[in-house]
Amino acid sequence: MKLVPLGDRVVIKQLEAEETTKSGIVLPTQAKEKPQQAEVVAVGPGGLVDGKEVQMQVKVGDKVIYSKYAGTEVKLQDEELIVVRQNDILAIVE
Amino acid sequence: MKLVPLGDRVVIKQLEAEETTKSGIVLPTQAKEKPQQAEVVAVGPGGLVDGKEVQMQVKVGDKVIYSKYAGTEVKLQDEELIVVRQNDILAIVE
Amino acid sequence: MKLVPLGDRVVIKQLEAEETTKSGIVLPTQAKEKPQQAEVVAVGPGGLVDGKEVQMQVKVGDKVIYSKYAGTEVKLQDEELIVVRQNDILAIVE
Amino acid sequence: MKLVPLGDRVVIKQLEAEETTKSGIVLPTQAKEKPQQAEVVAVGPGGLVDGKEVQMQVKVGDKVIYSKYAGTEVKLQDEELIVVRQNDILAIVE
Amino acid sequence: MKLVPLGDRVVIKQLEAEETTKSGIVLPTQAKEKPQQAEVVAVGPGGLVDGKEVQMQVKVGDKVIYSKYAGTEVKLQDEELIVVRQNDILAIVE
Amino acid sequence: MKLVPLGDRVVIKQLEAEETTKSGIVLPTQAKEKPQQAEVVAVGPGGLVDGKEVQMQVKVGDKVIYSKYAGTEVKLQDEELIVVRQNDILAIVE
Amino acid sequence: MKLVPLGDRVVIKQLEAEETTKSGIVLPTQAKEKPQQAEVVAVGPGGLVDGKEVQMQVKVGDKVIYSKYAGTEVKLQDEELIVVRQNDILAIVE
């Protein structure tokens, strides 16, 4: 069972926050803000969206920063996913 | 008696929540959030909608995830249906 | 005396709620929600509306489902009518 | 002294409410809701309005139904007029 | 010192309310609502405004009715002027 | 150190309010409303802004009236500047 | 690890407020408003954004003034960055 997004939608999955400080110390995840990093799980075909041509610029596996509060949370087989529009993806993390 | 949607409208019917955990245990539906999964019951012809060309990308029988709170609930012969715009459909579940 | 709607307007008249359950029992109309079914009474010519080409897809006599709260109520010779834009009509009931 | 409306504006004048029931009894106007019927007094030239081509579809003398709360009330020589956009006129009463 | 409006702006100056009843009696201006009549003092060049072609339809000296609350009040050498967009001018009074 | 505005932005600097009455008496500036007159300090290149072609119509040194509350205040080397879009400039004062 | 912005996004990093008065005295940063100056860290490719062609006008290393409250704060390896649209950048500081 998988999600096939329509139009310019992108399915992403939030990454666990295993933040490492510059000195290399790994902080436990409790009491930290929800990270905005996510991994791209599925990408819509783009094309005509709201009468405007959209070309998809992310691909499955990309790590991305997305706009807080954007998107719709979806639970599929106990996996928590978020469906956003590509426009809500701010940047790819390389 | 059936609904023939206009423009980019899609008639959907919410799916019963018979959620199965990964280990295969079926949970009773009580006390669970309303699922956002629905089945497509009827699809409008698309074409010029608000002056923009829309091509329909879902078809009758598709299982879809739709945007919470979107659409208008309609009761037809004791059947509860929801009329949404195709744009409110986030993804097809395959 | 009749209404000739302009542009993409449609004049509709709410249908009486004589809901029949699947088993055929007719429920009295009291204590029921206002139905959203209406019959089309007059249809505007369409054409350029807000700078966009609109083609009319409903015709006089069609039974339609319309968007709750949409439109303007008009009383003409003791008859209660509603003027909606075609875009507020969700589906035709066949 | 007269008003020459610009663009897609239409000057209308509310009609007195002398409502006749189907049986022919004329009701006194007190305690009735303000009617939304008006007579067209002057019509703008149409043309490019907000960058969109508008063709005027009403003419002086037409009786029209207009959108409640729309328009700007103007008092000219003790005459109360309303200036609306043509788009706020729902239908012509024939 | 004078104002040269940009784009589709029009500089207007409110007219004194020396309202004459039909019978010819001049009412004193106290306790009256601010009139919406104004005289056009300066007219912008029109042209491309917000990406849309605007042609100016009023000229200096025109008496106009304008939309209540529209525009920005400007005080220039003790003269109170209002800068409105042409779109806020409803009609010319002839 | 100077500001080079992007797109249709204009950097302006509010003018001191040394208002002279018609009779020639200079009023002290205390207890007066903030004037909306400003001098243009820098002008963006115009061009494609939000997908629309914008031609700049003000130039450095112009005295302008601008829309109250518009723009962003910026402090650069103890100088208080305001960055507005050209569209927020109502008129040039000549 | 670095951010590669999409579309017309720009990654900026707020500059420390080491404000020097004209006379050359460096003020301590406490009790001062957050400056709106930032340095450009990464620039998106521009191109079709919301169906409109956008050309990028800032480059990495530019010092810019940006619109207060605009953008999304992102923390990447203990570095606080802000992702804004190019449209939220008001001017380049030279």
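Proteins get letters first, then strands, A, B, ... in listed order; numbering begins at 1 in each. Any value given below was found using the heavy atoms of this structure, including those in side chains, with hydrogens, waters and symmetry copies removed.
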- Task: Please state whether the side chain, the backbone, both or neither of F:I65 comes within less than 4.5 Å of a heavy atom of chain E.
- Result: side chain
Could you tell me which non-hydrogen atom of [X] sits nearest to which non-hydrogen atom of [Y], and how far apart they are?
{"X": "F:A91", "Y": "E:P5", "value": "CB-CA, 3.7 Å"}
{"X": "F:Q37", "Y": "E:L76", "value": "NE2-CD1, 3.6 Å"}
{"X": "F:Q57", "Y": "E:G7", "value": "OE1-N, 4.0 Å"}
{"X": "F:Q36", "Y": "E:E73", "value": "OE1-O, 3.3 Å"}

- Any residues in residues 47-55 of chain E near chain F, with a heavy-atom distance under 4.5 Å, and which are they? E:L48, E:D50, E:G51
- Those residues that, when tested against F:K13, pass side chain to side chain donor-acceptor pair (under 3.5 Å) (two or more places apart):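 Side chain to side chain donor-acceptor pair (under 3.5 Å) check on F:K13 returns F:E79.
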- Contacts of type side chain to side chain donor-acceptor pair (under 3.5 Å), residue E:D8, not counting sequence neighbours: E:R85
- salt bridge (Lys or Arg N to Asp or Glu O under 4.0 Å) against E:D62, all qualifying residues, sequence neighbours excluded: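 Expected list: E:K59.
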- Query: Picking from F:I92, F:V64, F:V58, F:I89, which has the most non-hydrogen pairs under 4.5 angstrom with chain E?
  - Reply: F:I92
